[in-house]
Each structure stands twice: as structure tokens, then as C-alpha cells.
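Inspection log for the structure reproduced underneath, given as C-alpha cells.
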Amino acid sequence: GDRVAELRARLLRDGLRQFVTRAAPAMLAAVGNGWAQGQVEVFEEHLFTELTKRLLRQAIATLPGGSRSPRIVLTSVPDEPHVLGLLMAEALLALEGAECIPLGTQMPLLEIGRAAEAHRADIVALSFSTAFPQRQIPGLLQQLCLILPAGSELWAGGGGVARVAKMAGVILLPSLDDAVRALAEWRAARS
């Protein structure tokens, strides 16, 4: 229970942006390292992850509505079940005034294309964790480039893309700060 209280206190004290970009990643890394060194039980790591997800969802739900832009569909490809990176990106992009459409994780590529079309998405943002097999990422992104409607940009973020080579038609965002920068550039290009 004290972990939850600590998380909630950090969120209230730091505000959502600091929590997402600084506190949460640091705490997750600490928990991950503790688990790797046998100091943290697997169930504790899962609990911590679940609580962080709940806090982020609650925080996102309290953000003001109104007309928001760009429209961003957030999801992950099949075999990428890690939702925390997506939630952190959603929180940050929503804070920046984007309209976020979260589809959860593990969407088939064709469904991602259909969702982008149905929601008239300006951007489709995917999250790849470091656990995802890196060699599969470029092929998946190339396939998606062919599937997505002409007006939708493809963004790929997360620790999994840190060592992926630059490719045409895809914006790679290894860090959350990169996502905020990409959003500013998207807006600047359209103003």
C-alpha cells in the first residue's frame, strides 16, 4: 500500500508531465532492477505496473475536453502486450492538447489501418518495448506504411526503437521527450 501512496503523492506533487517523463520511468527502472537482482518479487513488479497504469488512466480521464488536435490513434502490434509505454505516451500527448484514441495493445496490422481510416487519424503511434524482437520492427513498420491511409503519419516509440535505423515514412521516438518534439514539429508544419 505504501508504494501506491508514494506513487499518488509523486503524481500530485510533480504533476502529470513530470510524473510521466521522470518519476514513473525512474521508479519502473528501479523496480525492474530490483526484480532482476531478486530483491523484488514478480507479483510486486506486476502490482506496481498495474497501479501505475491505473494512476495514468485516472489522470488522463481528468484532463479537460474540448477541440483537440492532432488526432492520434495509439496501439501496439501483435505480440507486444506492454501497455505502460502507450499509456505514458497517451498521457503526455493528451497533456499537449492532442486527441488520443487508445486502442489498447496487440492490434492486427489491417485493423490498425482500418482504425486510422475510421477515426481519420492524423497520426498512428505505436509502442515497442525493449522486450520486443528488434529485428521484426522495420518489416512491421514498412507493412504499416503500405496499409495506412495517405493522410496518416506513422510514429513508432519506446525503448524498442532506440536502435532501429531511420526509415522513410516513419518517425522514430525512442523517448517521450521525442514525442513532444514530434508533436510540435507536426503542428509547425501545418500552421
Side-chain angles (χ1 to χ4, degrees), residues 20 25 28 46 49-50 52-54 56-57 59-61 63 65 67-190:
V20 169
L28 285 165
H46 281 238
T49 303
E50 285 306 312
T52 307
K53 290 194 292 204
R54 189 184 305 164
L56 286 171
R57 286 200 174 102
I60 291 165
L63 292 172
S67 67
R68 306 171 74 82
S69 170
R71 191 175 288 140
I72 305 177
V73 165
L74 294 112
T75 188
S76 74
V77 297
D79 300 322
E80 176 49 278
H82 296 87
V83 74
L84 206 49
L86 272 177
L87 272 173
M88 288 161 78
E90 181 187 349
L92 208 54
L93 293 166
L95 266 176
E96 294 288 332
E99 181 186 342
C100 293
I101 300 149
L103 301 182
T105 58
Q106 308 197 69
M107 286 287 288
L109 301 191
L110 286 171
E111 291 299 318
I112 295 174
R114 289 168 70 169
E117 206 152 338
H119 290 286
R120 299 189 309 282
D122 298 304
I123 296 156
V124 171
L126 302 177
S127 176
F128 291 95
S129 68
T130 47
F132 193 84
Q134 193 197 320
R135 64 181 186 284
Q136 293 178 20
I137 296 175
L140 287 163
L141 295 176
Q142 279 164 343
Q143 278 176 274
L144 264 170
C145 283
L146 299 173
I147 293 168
L148 289 184
S152 300
E153 270 188 18
L154 181 56
W155 293 8
V161 303
R163 292 193 305 281
V164 171
K166 280 200 167 66
M167 35 188 308
V170 183
I171 294 178
L172 297 172
L173 311 165
S175 82
L176 287 164
D177 292 330
D178 295 327
V180 173
R181 199 159 38 244
L183 189 60
E185 285 167 9
W186 186 93
R187 287 180 172 143
R190 277 152 193 82

Tell me, with the steps shown, if Leu93 and Ile123 meet side chain to side chain contact (heavy atoms under 4.5 Å, CB included). CA-CA 11 Å; Leu93 293 166; Ile123 296 156; over 6 Å; no
Atom CZ in Arg71, atom CZ in Arg120: separation rounded to 0.5 Å? 5.0 Å
Please check if the side chain of Glu90 supplies one atom and the backbone of Leu74 the other of a donor-acceptor pair under 3.5 Å. no
So do Leu126 and Val161 actually touch side chain to side chain, heavy atoms under 4.5 Å? no
With a cut-off of 6.0 Å (strictly less than), are more than 12 heavy atoms of other residues, nucleotides or ligands near CZ of Arg135? no
Could you walk me through whether Leu103 and Ile112 pass the side chain to side chain contact (heavy atoms under 4.5 Å, CB included) test, one step at a time? CA-CA 9 Å; Leu103 301 182; Ile112 295 174; 5.6 Å; no
Can Glu80 and Ser129 be said to form a side chain to side chain donor-acceptor pair (under 3.5 Å), step by step? CA-CA 7 Å; Glu80 176 49 278; Ser129 68; 2.9 Å; yes
Which atoms form the tightest heavy-atom contact between Pro174 and Ala162, and what is the distance? CB-CA, 4.0 Å
Residue pair Leu28, Met88: steps toward the side chain to side chain contact (heavy atoms under 4.5 Å, CB included) verdict: CA-CA 12 Å; Leu28 285 165; Met88 288 161 78; 4.3 Å; yes
On a heavy-atom basis, the closest approach of Leu56 and Ala91 is CD2-CB, 4.2 Å
Nearest atoms (heavy-atom pairs only) where Gln134 meets Arg163: NE2-O, 3.1 Å
Looking at CZ of Arg54 and CG of Leu87, how far apart are the two atoms once the value is rounded to the nearest 0.5 Å? 12.5 Å
Looking at every non-hydrogen atom in both residues, tell me the closest pair between Phe128 and Ala156 and how far apart they are. CE1-CB, 4.0 Å
I want to check something: taking the side chain as every heavy atom from C-beta on, are Leu86 and Pro102 in contact at a cut-off of under 4.5 Å? no
Do Thr52 and Leu84 pass the side chain to side chain contact (heavy atoms under 4.5 Å, CB included) test, and can you show the C-alpha distance, the side-chain angles, and the key distance before you say yes or no? CA-CA 8 Å; Thr52 307; Leu84 206 49; 4.0 Å; yes
Let me confirm one number: the CG-CD1 distance from Leu109 to Ile147, rounded to the nearest 0.5 Å. 5.0 Å
Are side-chain heavy atoms of Ser175 and Asp177 found at a separation under 4.5 Å? yes
Kindly compute the distance separating NZ (Lys166) from CD1 (Ile171), expressed to the nearest 0.5 Å. 11.0 Å
Spacing of Leu95 atom CG and Leu183 atom CG [to the nearest 0.5 Å]: 11.0 Å
Distance-only, no hydrogens or angles: does the Thr105 side chain make a donor-acceptor pair with backbone N or O of Val83 under 3.5 Å? no
Indicate yes or no: at least one non-hydrogen side-chain atom of Leu141 is less than 4.5 angstrom from one of Leu172. yes
Counting only heavy atoms not in Arg114, do more than 12 sit closer than 6.0 Å to its CZ atom? no
Please check this pair: side chain of Gln106 against backbone of Asp79, looking for a donor-acceptor N/O pair closer than 3.5 Å. yes
Calculate, to the nearest 0.5 Å, the distance between atoms CZ and CG belonging to Phe132 and Leu140 respectively. 5.0 Å
Which atom pair, heavy atoms only, marks the closest approach of Val73 to Ala115? CG2-O, 4.5 Å
Should Ile72 and Trp186 count as side-chain neighbours, where that means a heavy-atom distance under 4.5 Å? no
Search all heavy atoms of Ser127 against all heavy atoms of Ser76 and return the closest pair with its distance. O-CB, 3.7 Å
Do the non-hydrogen side-chain atoms of Ser152 and Glu117 ever get within less than 4.5 Å of each other? no
Determine whether a donor-acceptor pair (N or O, by modelled atom type, separation under 3.5 Å) exists between the side chain of Arg187 and the backbone of Ser69. yes
